[in-house]
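Keep in mind that what you see is a predicted model, and the values were worked out from it rather than measured. Labels below follow one simple rule: chain letters A, B, ... track the order of the sequence lines, proteins then strands, and each chain is numbered from 1.
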Amino acid sequence: MTKSPREIIDSSRKIGRRGLLLGGIQLGVITTLALKLRSMQVEHAEEFRTLADGNSIKVRLLPPARGLILDRNGFQIAGNEQNYRVTLTREDAGGDVKPVLQRLSKLIPISEVRMAELMEEFSKRSAVTPIILADRLSWEQFSAIAVNAPSLAGVTPESGLSRFYPRAGDLAHVVGYVGPVSDYDLSKIEEPDPVLKLPEFQLGKVGFEARMEDALRGTAGSRRVEVNSAGREMRELSRQEGEQGATVQMTLDARLQNYAAQRMGEESAAAVVIDVQTGDIVAISSSPSFDPNKFVRGISSTDYRELMDHDHRPLADKTVQGVYPPGSTFKMITLLAGLEAGVINAGSRFYCPGYTEVGGRRFHCWSRGGHGSVDAINSLSHSCDVYYYELAQKVGIDRIAAMARKLGVGVRHDLPMSAVAEGIAPDRAWKQARYGQNWQVGDSLNASIGQGYVLASPLQLAVMTARVATGKEVKPRLIRAIDGVPQPVPEFADLGLNPLHLRTARQGMDAVMNASTGTARRMRIIREDWRMAGKTGTSQVRNITAAERARGVVSNEQLPWNRRDHALFVCYAPYEMPRYAVSVVVEHGGGGGAIAAPVARDIMLFALAGGLPPLDAVPDEQRAAMEERHNAMHLLAPEAPRLTRA
Amino acid sequence: MSYLDYKVAQTPTGIRKILYLNWPLVFLILAVAGIGFIMLISVAGGRVDLWAEPQMYRFAVGMVIMIGLAFVPMWFWRGISVAAYVCCFLLLVGVEIAGEIGMGAQRWIDIGPIRLQPSELMKIALVLLLAAYYDWLPLKKVSRPLWVIIPVILILAPTALVLIQPDLGTSIMLVAGGGIVMFVAGVSLWYFGAVIGVAVALVYTVLKSRGTEWQLLKDYQFRRIDTFLDPYSDPLGAGYNIIQSQIALGSGGWSGRGFMQGTQSRLNFLPEKHTDFIFTVLAEEFGFIGAISLLILYSLILGFCLYSALSNRDRFASLITIGISATFFLYFAINMATVMGLLPAKGSPLPLVSYGGTSLMILMLGFGLVQSAHVHRPR
């Protein structure tokens, strides 16, 4: 078909009109697109920018490094160590964690029990909460996971700091330990610090760690990171480091603590050493102990069971939490109460026939034959019970209880430790409130020799000794400095006791150790400049019936361990210029003079000498045993590394 | 042949043809492709070898094809138009049968490094055949029903094959491309009014069919409609892409976050950021200025095509140029409207910019025809 030129021109015009119309329509569409662009990018840009930043920029908390805990010489008591771990977030794993866990179990061992635990935890926690799958990985395991991260959706290998206690069990009771934050912990805190919700965060659970949480925790840092839609971090935009918690220097001496722990060995015992001038607790040790690191890492149920089932109760802090009938160590309190009340003076004598009869009941002296005529000093050095029976009837329980409280027994000492016991300094009101009964004279007699209702913790006994030694209201303290700033040494108030009365009590305690008839003479310190004054105590944990007494008192060795007497000893030294007060309680140890006193003496000598007790400080016959004990110990070397900030 | 009427002797011959190319169009194509390379480097995080380099290679091949085709006389294209259409149609049937009998579901054929889908080739072949048809058809018959039904069948036959693949997007582009050629050829506007009326009724019926047993679209297609109407109804599912795209695009602001600084795109909030969502990356990193610049370049390409078509007195050449520029227009308009949330997500490339060979080759092929029409225009 051919076209005429006319037709060509016609069709050309036709295309032109429709072509222009099409061009107009296209222009209209393009204008619409341009207007939409302008609306989004110019008019609403800010909104979208906000959305975009919210989408891609997340603020992540940086857990602060926990403050260090040092001993008085700068030895590290609690520090932080690098910990490699992996966490898994359910949401990032695509909702189902099982396949990821199975793939991960090819890289690190995950037991079936652990797997079941994890599955349960995942079902309980929110999908966005990261859960720690494994902790304390070796570097090899950690890097294997990091390399395989792309195939392990939601798994994040992390390295962080974890609490570490280089002295293991030496200070476990006083320092306590940290652990992961539980839901229960969170429920107790109003408006909890968001850092507590980090899965790896460790919170002070017990002891000093728990009580000093605020100071040790530090402030969390933060970093702004860009995350992709899978939640994986792409890069860090800014980082504000957190502030490490305060470095807290305790009054404790790690070496003395170490020595005390070893000196007590496997005994169920407690020892407290107080600097009588400053109130510094230089050592406070409960035996047997446990390794707090196991709790930080999550103790296994077998280990835990073992600690719980141990009849020596390793988890209990016997120094402040344990309360015992103080026995004869209470006699200084009764004596001072009598002297202060004016019912006796130092020269007043009582006759001891071996017993006292009150209201038709016989109260026996520990010496069946009696001590004859006893004055104040001899009453302590012989530890005559009848003297105190007679004195108690004259002075009355209320004044004894008041003196006990004045000297620190039956009052709660404010120390940053867990479960600090108040003890009991009983009086009429207390018995009425507690039992709804009237106070009996017999109760006074028992209380006068630290039996009956009287209960005191080893800490209280050490404080009492320090107060008797100084006449001042010595207050124990555990914190020496925070962040290098020394805590002010308090000026202790005078107790207001007559110095002559105090001197009598001290002379009595000196006689216990150094008089030829003293009950603890064998445990004396023969170096004159370290001359020690002390008092033994043996407290019954059972009643001796008249029938038993008639058959003759059975010796401790014949009784089962948990029915034997507690052995107690309190002392201070040097006699003239008191520096340290020590109290030792050996649960069910037997006689205070034989069992508790040598432990207290050795600890005292270590404190005074600043190292292993010199053999020439003790009488000849004691030296061989002492040397043997020392050879068996593995002590913290004096040149052990000082710590730096971790 | 009627080309003798156009004083064919005056059309350039041999290598001299290169001087008569539509050079502004060539430079505009180069500029757009250049923007594409920059964006491909950006989404690859600065790596050239990942996407930009293969794309440059393909573009170079495309340029050679375009200029090569420009040298081929216009009458050759008219001569092969029927054959081209029939070939493409048979290929479409072929891949459909191959797909059916389980030789793999692939809908494309490999030609060396280039992968061509018959359905894409059909976009050009259809334009070619319709242009030839309306060049052949006397003008007064154009709006007669019989002569309207023929091109409608020519359009719907391949469209039906593409639709059962199923590829709704390409079907729509075939219908729209063919319709535009018919429109420009002068088919009465009443037909278009009627078709639009029927289309509206059909859309209504399709939407009504949802959930019934004669449901006309697949569930995922319905979901696309849902999320188009309200992307926030499923922000982490089907609406996710559109929301993320809008956020990225909007957050670009006036001048953008800068080259390789687009946080949204960089952080994989966007899927397919090197292909269908590359405009979003451009808009985020270069802002309104960058996005509108690309839109202006596209408009200029359209404008030069339109000018070339209008100034060409050969009806066949004009219709080819208009038809191909309309296909190009549909490509970029659909892509941009999609990423801006004006159209349901469909997955279409941004012409000359997105990574990928098919659309690039089809467009360069088409621009080759446009250049040929320009070079061989009657003088």
Side-chain angles (χ1 to χ4, degrees), chain A residues 1-57 91 225-235 237, chain B residues 1-2 5-6 134-136 138-139 142 180 183-187 240 243-244 246-254 256 263-264 266-270 283-284 287-289 291-292 295-296 298-299 302-303 306 309-310 312-315 318-319 322 325-326 329 332-333 336-337 340-342 378:
Chain A
M1 194 182 288
T2 56
K3 293 171 192 161
S4 69
R6 174 76 197 137
E7 201 179 339
I8 293 166
I9 292 161
D10 272 1
S11 63
S12 172
R13 204 172 57 237
K14 193 90 176 180
I15 290 169
R17 218 166 41 224
R18 286 286 173 96
L20 282 175
L21 193 53
L22 177 69
I25 294 169
Q26 290 177 336
L27 194 62
V29 172
I30 289 168
T31 310
T32 309
L33 292 174
L35 286 175
K36 176 72 175 171
L37 264 180
R38 187 174 157 276
S39 147
M40 289 172 78
Q41 295 197 285
V42 181
E43 282 156 30
H44 298 285
E46 278 307 308
E47 294 165 34
F48 285 116
R49 186 63 74 106
T50 313
L51 279 173
D53 290 348
N55 220 340
S56 61
I57 297 171
E91 191 188 44
V225 288
E226 274 188 7
V227 294
N228 68 6
S229 53
R232 206 170 280 281
E233 286 174 20
M234 304 302 283
R235 69 184 165 127
L237 296 170
Chain B
M1 294 293 279
S2 61
D5 299 337
Y6 309 158
Y134 282 109
D135 183 43
W136 165 81
L139 204 54
V142 160
I180 285 171
F183 174 82
V184 176
V187 175
Y240 181 83
I243 293 173
Q244 295 304 329
Q246 285 182 314
I247 290 173
L249 204 143
S251 68
W254 179 257
T263 53
Q264 296 302 99
R266 187 108 308 108
L267 299 172
N268 288 332
F269 284 107
L270 280 179
E284 190 189 12
F288 182 67
I289 294 173
I292 207 77
L295 196 57
I296 288 171
Y298 279 148
S299 306
L302 277 185
L306 187 62
L310 291 176
N312 199 325
R313 287 186 293 145
D314 179 20
R315 189 171 160 82
S318 294
L319 288 172
I322 291 281
S325 70
F329 164 78
F332 79 76
M336 286 187 181
M340 282 187 234
L342 292 170

*Side chain, backbone, both or neither of B/L306 within contact of chain A (heavy atoms, under 4.5 Å)*: side chain
*Test item: A/R18 side-chain N/O and B/V187 main-chain N/O as donor-acceptor pair under 3.5 Å*: yes
_Residue part contacting chain A, namely of B/I180, when any heavy atom lies under 4.5 Å_ = side chain
*Who wins among B/W254, B/F332, B/F329 for the most heavy-atom pairs under 4.5 Å with chain A?*
B/F329
*asked:* Within the structure provided, determine whether B/L249 and A/F48 are in side-chain contact (heavy-atom separation under 4.5 Å).
replied: no
*asked:* So, taking the atom named CD in A/Q41 and the one named OG in B/S251, what distance separates them when rounded to the nearest 0.5 Å?
replied: 8.5 Å
Show me the donor-acceptor pairs, under 3.5 Å and distance only, between side chains in residues 19-33 of chain A and residues at least two apart or in other chains.
| unit_1 | atom_1 | unit_2 | atom_2 | d |
| --- | --- | --- | --- | --- |
| A/T31 | OG1 | A/L27 | O | 2.6 |
| A/T32 | OG1 | A/G28 | O | 2.8 |

*asked:* Testing the basics here: between A/A45 and B/G253, what is the closest heavy-atom pair and its distance to 0.1 Å?
replied: CB-CA, 3.7 Å
*Calculate, to the nearest 0.5 Å, the distance between atoms CD1 and CE belonging to B/I247 and A/M40 respectively.*
9.5 Å
*Which region of B/I292, side chain (C-beta onward) or backbone (N, CA, C, O), has a non-hydrogen atom less than 4.5 Å from a non-hydrogen atom of chain A, or is it both or neither?*
both
